[in-house]
Structure formats: C-alpha cells, structure tokens
Amino acid sequence: PETKALGTVGWRRTAGEGIGKSPLATQLLDTHWTWASIKGLEFHAGGQLKTPWGEGAWGILPTSASKKEGGFCAAGCAFVDFSGALHNVRFNFSTTPHSFETIRVGDGESVTGKRVA
C-alpha cells in the first residue's frame, strides 16, 4: 500500500528502533520541544516519547527512507509516532533554537517545532 498509517497491518514502528549508534538519537535524548507551538514533546531513553496528547514512540529511520517523500529524509530523520499517526521528522540543528519539520505518513501533512530545553 501507499500509506504507512497505523491502521495498515504490519506498518507499526517500534520504540527505540535505530537509536543504538545514531548521532541524531544522541542529540535528541532528554530534549524538550514544541509541536506546532505547543510545549510538551519530550524524547526519552528507549524510544519513549511524551507528548501533550499522550505517550508515543520515537526512533531513527533507516537511510532507505530518504528515497520516499521526495528526499525529505535525505539528511537523516527520526520518526515520532503518537495518537494513531506516524510522523517522519527532519531536524535542523543549525538554527537557534534548534527546529524540526515533519511529514505525517499517509497524508503528507506537515508541522514544525522548536527546541525549548
């Protein structure tokens, strides 16, 4: 199928997937961010994610993900999954504060966020 929405059998991603030796995961661990200007997105050990909408999972996408969504993840992406939706997240650590942009898997909706701590 074209979508990787959580309703599609077999597409669920696992908390902590890919974080073992990832420099991106090291940068994200124990950080706090906004999601669409709403505070409360937190990256915890083992791929545990806290959001204002409940618990979720995060991890690092394989490099093969860069071929999807027009190269959105060519520089490397994390995934952030919560509230029944999957998001691919591209971080920008050259901005102050650090920022990110997302693509929601399935419909392509995008949100941005900024680091707060």
Side-chain angles (χ1 to χ4, degrees):
E2 283 296 312
T3 182
K4 284 192 174 185
L6 286 177
T8 306
V9 175
W11 289 110
R12 194 170 299 266
R13 301 187 280 198
T14 306
E17 191 175 331
I19 65 174
K21 295 181 180 177
S22 166
L24 175 57
T26 301
Q27 288 181 287
L28 295 177
L29 189 59
D30 295 323
T31 59
H32 299 240
W33 301 74
T34 63
W35 182 276
S37 299
I38 300 167
K39 290 182 180 179
L41 183 70
E42 301 175 11
F43 292 84
H44 295 288
Q48 300 305 306
L49 183 74
K50 182 179 175 187
T51 81
W53 306 278
E55 302 298 314
W58 73 278
I60 303 299
L61 289 172
T63 54
S64 61
S66 66
K67 297 175 185 155
K68 297 177 176 65
E69 294 150 350
F72 179 81
C73 288
C77 276
F79 66 81
V80 172
D81 301 341
F82 61 92
S83 295
L86 300 121
H87 307 86
N88 294 341
V89 186
R90 178 176 61 198
F91 289 86
N92 184 347
F93 292 101
S94 66
T95 60
T96 303
H98 300 157
S99 61
F100 67 76
E101 181 180 2
T102 72
I103 288 184
R104 187 167 54 205
V105 179
D107 66 6
E109 277 296 310
S110 182
V111 236
T112 59
K114 294 182 181 180
R115 186 170 177 179
V116 293

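Note that the coordinates shown come from a computational prediction; the quantities given were computed from them, not determined experimentally. The analysis underlying the following values was restricted to heavy atoms, covering all of them including side chains, and did not include hydrogens, waters or symmetry mates.
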Under 3.5 Å, which donor-acceptor pairs link side chains of residues 37-45 to any protein atom two or more places apart or in another chain?
| residue | atom | partner | partner atom | Å |
| --- | --- | --- | --- | --- |
| Glu42 | OE1 | His44 | NE2 | 2.9 |
| Glu42 | OE2 | His32 | ND1 | 3.4 |

- Contact check, side chains of His98 and Trp33, non-hydrogen atoms, under 4.5 Å: yes
- Applying salt bridge (charged side-chain N to carboxylate O under 4.0 Å, His left out), which residue pairs with at least one partner in residues 22-33 are found, sequence neighbours left out? none
- Query: Which pairs pass disulfide (SG to SG under 2.5 Å) with one or both residues in residues 74-111, sequence neighbours excluded?
  - Reply: Cys73-Cys77
- Message: Within the 4.5 Å heavy-atom criterion, are Leu61 and Arg13 side-chain neighbours or not?
- Response: yes
- Query: Can you list every salt bridge (charged side-chain N to carboxylate O under 4.0 Å, His left out) pair that touches residues 85-99, not counting sequence neighbours?
  - Reply: Arg90-Glu101
- Query: Are Phe93 and Trp58 grouped together when hydrophobic residues (ILVMFWY) are joined by side-chain heavy atoms under 4.5 angstrom apart?
  - Reply: yes
- Note on the structure: For Glu55, the side-chain contact (heavy atoms from CB on, under 4.5 Å) test, sequence neighbours excluded, returns Lys50
- Message: Test your reading of the model: is there a side-chain donor-acceptor pair from Thr34 to the backbone of Ala36, 3.5 Å cut-off?
- Response: no
- Query: According to the interplanar angle, ranging from 0 to 90°, do the rings of Trp35 and Phe100 count as parallel (below 30°), tilted (30 to 60°) or perpendicular (above 60°)?
  - Reply: tilted
- Task: Starting at CG of Asp81, measure out to NE2 of His87 and round the result to the nearest 0.5 Å.
- Result: 8.0 Å
Would you be so kind as to tabulate the donor-acceptor pairs closer than 3.5 Å made by side chains of residues 16-27, with sequence neighbours excluded?
| residue | atom | partner | partner atom | Å |
| --- | --- | --- | --- | --- |
| Glu17 | OE1 | Thr14 | N | 3.0 |
| Ser22 | OG | Leu24 | N | 3.2 |
| Ser22 | OG | Ala25 | N | 3.1 |
| Thr26 | OG1 | Ser22 | O | 3.2 |

- Query: To the nearest 0.5 Å, how far apart are CG in Leu49 and CG in Leu28?
  - Reply: 10.5 Å
- Query: Under 4.5 Å between side-chain heavy atoms, hopping through other hydrophobics if needed: is there a path connecting Val89 to Val116?
  - Reply: no
- Task: Search all heavy atoms of Gly56 against all heavy atoms of Phe82 and return the closest pair with its distance.
- Result: CA-CB, 4.1 Å
- Taking the side chain from Ser110 and the backbone from Thr102, do they hold a donor-acceptor pair closer than 3.5 Å? yes
